[in-house]
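The figures here come from the full heavy-atom set of this structure, side chains too, leaving out hydrogens, waters and symmetry mates.
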Amino acid sequence: MDPLRRLVSLAVTTSSSSSSLSSLTLLLALLFYAASAAAAFDIVPITFDEAYAPLFGDSNVVRSGDGKSVRLLLDRFSGSGFISSNLYKYGFFSARIKLPSDYTAGIVVAFYTSNGDVFEKTHDELDIEFLGNIKGKKWRFQTNVYGNGSTSRGREERYTLWFDPTRAFHRYSILWTANNIIFYVDEVPIREIIRNDAMGGDFPAKPMALYATIWDASDWATSGGRYKVNYKYAPFVAEFKDLVLQGCPVDPIDQYSSGHCYDKLALLEAQDFATVTAQRHAAMRRFRQNYMYYSYCYDSIRYAIPPPECVILQSEKERFKDTGRLKFGGSHKKRSRRRGHRIPLVSEEQPVM
């Protein structure tokens, strides 16, 4: 079936359960936008061996024969992950990912950049984390930003998706430049952070590597730890293909002598995906209005004064409680962040239905 017709079919199927014409309209707008925007991205995939290596659970990192895709497995013995061979001073990190299906409670699949292994107390990080769920419930995901070790000032946003991420591959991307950070889903920008002086060191600026992992987060990932990983359904498999990595590899210790990166960074910032055009901004606004269910910018319990990068929209603010969550119930509890694990600062609740 033609890909665009598949998208329309999926939109109609999804909207029929809610019997909402406006829902169908929104889905079609996002899907048609993603389909048309995909051709605009000038991205060239690379093979696994060109730029990546296993990180842990080596036997659960399964590469295809041609090196163009990799499967990460979680079983009762180990999770798994891979890492880029280099650290990069700014870049575009992207992959098409398909998530495990069926019962996935307690599972986290992460696609993120970090330099925690080099700058242990002052690390930077850009996260896309997918949070599993009980059978019949939607996957949710979150984005987060840390700069200069600011783990007490996590910048979480949480969302659902307009498609089932277990049925087909979808592209997820992180753009990181000296001026902005953009998170993309299928070429639809879902979040942008624009650097300003008030952010100071909270804007990530040190070289980072790209990571992809799958692991057991039973203690928090689904309904605050209420539902655990059930290994009856193992192995859980996350698939990655069409890996893209554009940026300038640097020595993290010699990061300030990066004059050789000038041309590469100028090329990166000139790419089509480096700018949120008016059309993309409209698509981003539609996504955030309909699929974002938590935003730190509206969480006045954590931040009486919103962090300096927040752009407060009154129409958006009215939809959220003081906890930063949509006005449909739920709780707000801070949680600790243990070394070696990726613990969010707020508890989970059921996804927006």
Side-chain angles (χ1 to χ4, degrees), residues 54-61 70-83 95 97-114 116-117 123 125-146 151-152 154-161 165-166 172 174 183 209-240 293-294 296 325 330-352:
L55 176 65
F56 68 99
D58 290 17
S59 62
N60 281 350
V61 179
V70 59
R71 305 167 78 205
L72 295 183
L73 280 62
L74 167 66
D75 56 30
R76 64 178 65 254
F77 303 105
S78 178
S80 55
F82 63 84
I83 183 174
I97 304 171
K98 186 165 72 170
L99 299 176
S101 59
D102 213 339
Y103 185 98
T104 57
I107 296 172
V108 170
V109 175
F111 185 76
Y112 64 103
T113 66
S114 177
D117 291 340
H123 88 283
E125 194 169 311
L126 302 173
D127 299 334
I128 298 177
E129 293 180 312
F130 303 96
L131 310 178
N133 217 328
I134 59 177
K135 189 173 183 178
K137 297 293 185 178
K138 297 179 180 179
W139 276 83
R140 300 132 304 146
F141 76 110
Q142 62 185 21
T143 61
N144 209 339
V145 175
Y146 297 105
T151 55
S152 64
R155 291 163 159 80
E156 305 101 313
E157 290 186 349
R158 290 191 178 151
Y159 330 84
T160 53
L161 289 161
T166 72
Y172 305 89
I174 302 170
F183 294 91
L210 185 282
Y211 296 76
T213 59
I214 184 171
W215 55 283
D216 184 330
S218 290
D219 57 342
W220 66 268
T222 307
S223 298
R226 179 181 177 187
Y227 300 104
K228 315 295 185 182
V229 174
N230 187 339
Y231 285 101
K232 178 181 75 173
Y233 298 93
F236 303 97
V237 181
E239 300 181 67
F240 297 75
Y293 68 91
Y294 172 81
Y296 73 106
R325 296 185 178 278
S331 62
H332 175 94
K333 299 178 183 178
K334 289 192 175 183
R335 303 184 68 86
S336 64
R337 185 179 179 91
R338 298 188 312 184
R339 183 179 177 184
H341 293 278
R342 307 166 60 69
I343 308 300
L345 296 177
V346 292
S347 65
E348 278 303 310
E349 61 185 38
Q350 293 301 312
V352 179

Say whether, by atom type as modelled, one donor and one acceptor occur between the side chain of T166 and the main chain of P100 under 3.5 angstrom. no
Smallest separation among heavy atoms of I128 and F183, with atom names: CG1-CD2, 3.8 Å
Shortest non-hydrogen contact between Y146 and D127, atoms and distance: CE1-OD2, 3.8 Å
Minimum heavy-atom separation for S114 to E125, with atom names? OG-OE1, 3.8 Å
What do the steps show when you test H123 against T151 for side chain to side chain contact (heavy atoms under 4.5 Å, CB included), and what is the final call? CA-CA 9 Å; H123 88 283; T151 55; 3.7 Å; yes
Listed by chain and number, what are the salt bridge (Lys or Arg N to Asp or Glu O under 4.0 Å) partners of E239, not counting sequence neighbours? K98
Any side-chain heavy atom of T104 within less than 4.5 Å of one from L99? no
Any side-chain heavy-atom pair of Y296 and V145 under 4.5 Å: no
D102 side, atom CG; K232 side, atom NZ - distance, nearest 0.5 Å: 8.5 Å
Using the side-chain hydrogen bond (donor to acceptor under 3.5 Å, both in side chains) criterion, which residues pair with S80? Sequence neighbours excluded. none
Under 3.5 Å, side-chain donor or acceptor atoms of residues 54-61 against the rest of the protein: list the pairs with distances, not counting sequence neighbours.
{"from": "N60", "atom 1": "ND2", "to": "L73", "atom 2": "O", "distance (Å)": "3.4"}
{"from": "N60", "atom 1": "ND2", "to": "D75", "atom 2": "OD2", "distance (Å)": "3.4"}
{"from": "N60", "atom 1": "ND2", "to": "S78", "atom 2": "O", "distance (Å)": "3.1"}

Do the side chain of N133 and the main chain of K138 share a donor and acceptor less than 3.5 angstrom apart? yes
To the nearest 0.5 Å, what is the distance between NZ on K228 and OG on S223? 10.5 Å
Does the side chain to side chain contact (heavy atoms under 4.5 Å, CB included) test come out yes or no for W220 and L131, once each step is laid out? CA-CA 10 Å; W220 66 268; L131 310 178; 3.7 Å; yes
Restricting to non-hydrogen atoms, name the atom on G132 and the atom on T222 that form the minimum distance, rounded to 0.1 Å. O-OG1, 3.0 Å
Between F111 and A212, what is the shortest heavy-atom contact and its length? CD1-CB, 4.3 Å
Contact between Y172 and F141 at the side-chain level, heavy atoms closer than 4.5 Å - yes or no? no
Nearest-0.5 Å distance that lies between atom CG in L210 and atom CD1 in I174: 7.0 Å
Among R158, R140, Q142, which residue meets the side chain to side chain contact (heavy atoms under 4.5 Å, CB included) test with E129? Q142
Minimal non-hydrogen separation, L74 against Y231, with atom names: CD1-OH, 4.0 Å
Per the ring pair (Phe, Tyr, Trp, His ring centres under 6.0 Å) rule, which among Y227, Y233, W139, F236 passes with Y103? Y233
Nearest 0.5 angstrom please: Y293 OH to Y159 OH, how far? 10.5 Å
